[in-house]
**Q** 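My structure is below; once you've seen it, I'll send some questions.
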Amino acid sequence: MEIIKEDKVLIIGAGGQIGVELLEELNKLYGSSNVVAADIKQSNAFSNNAFEVLDVLNKDQLLDVVKKNSIKQIYLLAALLSATAEKNPLYGWQLNMQGLFNVLDLAKEKQIEKVYWPSSIAAFGTTTPKQNTPQYTVMEPTTVYGISKQAGERWCEYYFLKYGVDVRSLRYPGLISYKSAPGGGTTDYAVHIFHEALKTKTYECFLSEETTLPMMYMPDAIQATIQIMHAPANDIKIRGAYNIAGISFNPKQIAQEIKKHIPDFTITYKPDFRQEIADTWPQSINDIEARQHWKWNNKYDLPTMVNSMLSNLK
Ligand code: SER
């Protein structure tokens with residue numbers, strides 16, 4: 001791994017599901033004095049790090065934060081997720097796209113050197129092959145979030161090709177974690193289910209029992225993020241976003257796994273509007289390019305993820 005200890009790193013959206021855990025790992029790599037947390041909401045959760053209240057749509061404020069802290073790298077994690085963006089399409093589009101442009105432009109103007117921006121399995125759509133979905137395939141997303149991710153991927157590659165911007169990206173599956181709550185995603189049931197299993201031993205799922213989706217345990221997602229950001233630039237041969245795969249399962253399967261630990265756990269199903277979103281996404285992902293280009297490898301399967309989630313939440 002190429003780690004430049006003096007590089008100052010900014011996480012935008014540091015209070016979110018990914019940000020909280022990425023910050024911990026970046027603190028280990030760079031030292032907390034070199035990692036700056038930013039979020040749209042004031043927070044005192046970041047006692048070891050400098051913290052900035054920042055609206056990524058405010059370009060002047062963003063530049064001020066970058067200059068003031070001598071930032072070299074930005075991890076842009078502020079976005080509206082799939083379910084929330086469907087409720088506020090124009091704001092979802094604006095935040096997800098203009099936020100990306102504001103950060104990419106800083107790199108184009110050489111104010112910063114490297115950008116991380118997450119894409120998602122939501123960039124695929126109903127016409128995409130659902131099983132073992134390859135890196136290169138039909139992509140016709142039907143959600144605002146998915147459209148913003150697909151367009152964002154194209155813009156990342158464009159900024160790389162035209163302006164030499166060093167931007168790197170992953171198509172995250174649904175992310176499962178215990179340290180911070182997810183917000184507004186279609187895959188969030190796979191987090192809520194653990195909280196309810198421990199609290200009430202029952203869970204009403206907003207997706208049907210057979211809805212298989214690609215998922216990943218957060219430690220794997222953080223590992224992939226750190227790995228792609230620290231791989232030599234020549235190894236990053238895809239400047240849109242890389243497929244990465246973890247675990248694929250449906251609500252029935254995760255419930256069965258939870259039952260091995262909590263035998264009287266029960267699940268019921270009441271699909272809502274998120275079912276329609278989930279039905280447009282792949283069920284499993286082929287990530288051979290990430291494995292070959294920068295040696296990505298996931299560690300967790302369904303049993304080890306469930307075991308870890310339950311013991312940490314207890
Ligand atoms: N987990 C995200 C969502 O459900 C997908 O990237 O919106």
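Whatever order the structure lists ligands and atoms in, that order sets their numbers, starting from 1. Any value given below was found using the heavy atoms of this structure, including those in side chains, with hydrogens, waters and symmetry copies removed. Quick caveat, the model's predicted, so the values are computed rather than measured.
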**Q** List ligand 1's nitrogen or oxygen atoms that come under 3.5 Å of a protein nitrogen or oxygen, with the partner atom and distance.
**A**
residue	atom	partner	partner atom	Å
ligand 1	1 (N)	T187	OG1	2.8
ligand 1	4 (O)	S82	OG	3.4
ligand 1	4 (O)	T186	N	2.6
ligand 1	4 (O)	T187	N	3.1
ligand 1	4 (O)	T187	OG1	3.4
ligand 1	6 (O)	S120	OG	2.6
ligand 1	6 (O)	Y145	OH	3.0
ligand 1	7 (O)	S82	N	3.1
ligand 1	7 (O)	S82	OG	2.6

**Q** Rounded to the nearest 0.5 Å, how far does CD1 of I288 lie from CD of Q135?
**A** 11.5 Å
**Q** Quick one: side-chain hydrogen bond (donor to acceptor under 3.5 Å, both in side chains) pairs with a partner in residues 139-153, sequence neighbours left out?
**A** N96-S148, S119-E153, T127-E140, E153-R171
**Q** Between T280 (side chain) and I277 (backbone), is there a donor-acceptor pair under 3.5 Å?
**A** yes
**Q** Distance from T137 atom OG1 to N243 atom CG, nearest 0.5 Å?
**A** 9.0 Å
**Q** Atom CG of N34 and atom CG of L10: how far apart are they, to the nearest 0.5 Å?
**A** 12.5 Å
**Q** So, N88 side chain and T84 main chain: donor-acceptor pair closer than 3.5 Å or not?
**A** no
